[in-house]
Amino acid sequence: MQGLVSVIVITYNREDALDAVLAALSRQSDRGFEVVIADDGSRPATQAVVERWQVRLGLPLSHVWQADQGFRAAEIRNRAILAARGKYCVFLDGDCIVRPDFIAAHRRLAERGWFVTGNRVLLSDELTAAVLRDGLRPETWTASEWLRQRRSGGVNRLAALLYLPLGPVRKLGQAKWRGARSCNLAVWRSDLDQVDGFDAGFSGWGREDSDLLIRLLHASVRRKDGRFATGVVHLWHPEADRGQLAANDARLDAVVASHRTRAKQGLSQLQERARKNDRNVPSQS
């Protein structure tokens, strides 16, 4: 795949983790990408982190912010998609540290008609604190260091860090949506436009990523497995409030039972709002 890749990083009030994520992105072997920070209402300290990295990153870095009105991951990702310039979008959580070949691996796996789902290893609370406090760089650790951390309980598993040339095996689960997450997900921008992006009707934690994948599958876009190529290092965080999960599960069940491809509150709704706002702005003579 040739052309610009847009890495969309979602964040909320976790400046130390975002700094570590941007540091890892700055060391990518493939430099043909931009970074769009999808900020779900963070305090000004997050903007300060972005501004520091805009000077240091050596790549285009933009910051898209929306007011803090609770967990609205779907809507802020849509805002970031509209701000992105690349033809291929890689979604990443703001606490997922990438290895130096992350962009290169996603670029190799990119294929028209397919989205790519990656995986992760989870660091413990204690190891996460050490990484952020001491400026450790787990994306550069050797196999022996990862083995040491696994034995001491610092990481939940190692398989996601392996590299295996799976070839056709990557397409065996092409119609499956379960088990995929938007913390490490790549989708062609044209396919996102086709399904109208994420559905902002999913508010509160959970299921907005599954909804997107189901609608992509309904639109005949298939799943390609990015495991053993694109694995990321996921920093520990407290469990999010799941108070809206039952309502989101009901929304998801309705999508599964339908053949719907388009989001009910997607990219087009944001674009229409922007057009209305433009019309309501008085012209200046």
Practice task
Examine R222 relative to W114 and say whether NZ or CZ is less than 6.0 Å from the centre of the six-membered ring and inside a 45° cone about the ring axis.
Solution key: no

Practice task
Write down the atom of A229, the atom of A105, and the distance for their closest heavy-atom approach.
Solution key: O-CB, 3.5 Å

Exercise for the section: Answer yes or no: is there a donor N or O on one side and an acceptor on the other, between the side chain of S152 and the main chain of Q149, under 3.5 Å? Expected result: yes

Fill in the blank from the handout: The reported gap from NE2 in H237 to CG in D95 (rounded to nearest 0.5 angstrom) is 5.0 Å

Practice task
Would you check if the side chain of R43 reaches a backbone N or O of A45 as a donor-acceptor pair within less than 3.5 Å?
Solution key: no

Problem - Non-hydrogen side-chain atoms of F91 and C89 separated by less than 4.5 Å - result: yes

Exercise for the section: Using only heavy-atom distances, determine whether the side chains of D39 and S42 contain a donor-acceptor pair under 3.5 Å. Expected result: yes

Practice task
Show the numbers, then the answer: is there a side-chain contact (heavy atoms from CB on, under 4.5 Å) between L123 and I97?
Solution key: CA-CA 11 Å; L123 301 193; I97 297 175; 6.0 Å; no

Exercise for the section: Give, for atom CZ of R275 and atom CG of L270, the distance between the pair rounded to the nearest 0.5 Å. Expected result: 10.5 Å

Handout entry: Heavy-atom side-chain contact between V90 and L185 under 4.5 Å
Key = no

Exercise for the section: For E208 and S203, indicate whether the former's side chain and the latter's backbone hold a donor-acceptor pair under 3.5 Å. Expected result: no

Handout entry: Q2 backbone acceptor or donor facing K87 side chain under 3.5 Å
Key = yes

Exercise for the section: Return yes if a side-chain donor-acceptor contact under 3.5 Å exists between H106 and N184, otherwise no. Expected result: yes

Exercise for the section: Kindly say whether R262 contributes a backbone atom to a donor-acceptor pair with the side chain of D196 at under 3.5 angstrom? Expected result: no

Handout entry: H218 side chain to R260 backbone, donor-acceptor under 3.5 Å
Key = yes

Exercise for the section: Mind checking the CZ-OG spacing from R215 to S210? Nearest 0.5 Å is all I need. Expected result: 11.0 Å

Completion exercise
C183 and C96 have their tightest heavy-atom pair at CB-SG, 4.0 Å

Practice task
Evaluate side-chain contact (heavy atoms from CB on, under 4.5 Å) for W177 paired with V256, printing each intermediate quantity in order.
Solution key: CA-CA 10 Å; W177 58 271; V256 172; 4.2 Å; yes

Handout entry: Separation of S62 OG from I8 CD1 (nearest 0.5 Å)
Key = 9.0 Å

Problem - D211, D40, D93, D199 screened by salt bridge (Lys or Arg N to Asp or Glu O under 4.0 Å) with R77, the one that passes - result: D93

Exercise for the section: Walk me through it: do D193 and W188 pass the test side-chain contact (heavy atoms from CB on, under 4.5 Å)? Expected result: CA-CA 9 Å; D193 289 337; W188 290 91; over 6 Å; no

Exercise for the section: Determine whether E75 and F198 make a side-chain contact, defined as any pair of heavy atoms from C-beta on separated by less than 4.5 Å. Expected result: no

Practice task
Determine whether V98 and V36 fall in the same hydrophobic cluster, where Ile, Leu, Val, Met, Phe, Trp and Tyr are linked whenever their side-chain heavy atoms lie under 4.5 Å apart.
Solution key: no

Handout entry: Linked, directly or transitively: L22 and V131 (ILVMFWY side chains, under 4.5 Å)
Key = yes

Problem - Under 3.5 Å side-chain donor-acceptor pair for Q269 and R273 - result: yes

Problem - From L92 atom CG to L25 atom CG, the distance as rounded to the nearest 0.5 Å - result: 6.5 Å

Handout entry: F202/F71 aromatic ring centres below 6.0 Å
Key = no

Identify every side-chain donor-acceptor pair in residues 155-171 under 3.5 Å, counting partners at least two apart or on other chains, and give the distances.
residue: N156; atom: OD1; partner: L122; partner atom: N; Å: 2.8
residue: R157; atom: NE; partner: R120; partner atom: O; Å: 3.1
residue: R157; atom: NH2; partner: R120; partner atom: O; Å: 2.7
residue: Y163; atom: OH; partner: R99; partner atom: NH1; Å: 3.4
residue: Y163; atom: OH; partner: D101; partner atom: OD1; Å: 3.0
residue: Y163; atom: OH; partner: D101; partner atom: OD2; Å: 3.2
residue: R170; atom: NH1; partner: D225; partner atom: O; Å: 2.7
residue: R170; atom: NH1; partner: R227; partner atom: O; Å: 2.6
residue: R170; atom: NH2; partner: L164; partner atom: O; Å: 3.0
residue: R170; atom: NH2; partner: R227; partner atom: O; Å: 3.4
residue: K171; atom: NZ; partner: E111; partner atom: OE1; Å: 3.0
residue: K171; atom: NZ; partner: E111; partner atom: OE2; Å: 2.9

Problem - Considering all heavy atoms, the nearest R112-S190 contact - result: NH1-OG, 3.1 Å

Practice task
Verify the cluster assignment for V116 and L192: are they in a single hydrophobic cluster under the rule of side-chain heavy atoms below 4.5 Å apart?
Solution key: no

Problem - Q174 side chain vs R223 backbone, donor-acceptor pair below 3.5 Å - result: no

Practice task
State, with a plain yes or no, whether a side-chain heavy atom of V121 is found less than 4.5 Å away from one of H234.
Solution key: no

Practice task
Examine distances only and state if a side-chain atom of Q66 and a backbone atom of G41 form a donor-acceptor pair shorter than 3.5 Å.
Solution key: no

Completion exercise
G197 and A263 have their tightest heavy-atom pair at O-CB, 3.8 Å

Practice task
For W146, check ring pair (Phe, Tyr, Trp, His ring centres under 6.0 Å) against everything at least two apart and list the hits.
Solution key: W141

Handout entry: CZ on R56 to CZ on R52, rounded to 0.5 Å
Key = 7.5 Å

Exercise for the section: Check each of D209, L252, V195 against I214 using the side-chain contact (heavy atoms from CB on, under 4.5 Å) test, and report the only one that passes. Expected result: L252

Problem - Common cluster, L109/F115, ILVMFWY with side-chain heavy-atom separation under 4.5 Å - result: no

Using atom types as modelled, flag every donor-acceptor pair under 3.5 Å from a side chain in residues 132-140 to any protein atom, sequence neighbours excluded.
residue: E139; atom: OE2; partner: R27; partner atom: NH2; Å: 2.7
residue: T140; atom: OG1; partner: R137; partner atom: O; Å: 2.8

Handout entry: Sidechain-backbone polar pair: R207 side chain, A246 backbone, donor-acceptor under 3.5 Å
Key = no

Fill in the blank from the handout: Taking every heavy atom of S124 against every heavy atom of G153, the minimum-distance pair comes out as CB-O, 3.7 Å

Exercise for the section: Ignoring hydrogens and angles, state whether a donor on the side chain of W53 or D19 is under 3.5 Å from an acceptor on the partner side chain. Expected result: yes

Handout entry: Joint cluster assignment, V5 & V221, ILVMFWY side-chain distance < 4.5 Å
Key = no

Practice task
List the atom of R72, the atom of A67, and the distance in Å for their closest heavy-atom pair.
Solution key: NH2-O, 2.7 Å

Exercise for the section: Using modelled atom types only, decide if a donor and an acceptor are shared between the side chain of R31 and the backbone of L59 within a distance under 3.5 Å. Expected result: no

Exercise for the section: Could you walk me through whether I76 and V64 pass the side-chain contact (heavy atoms from CB on, under 4.5 Å) test, one step at a time? Expected result: CA-CA 8 Å; I76 192 57; V64 179; 4.1 Å; yes

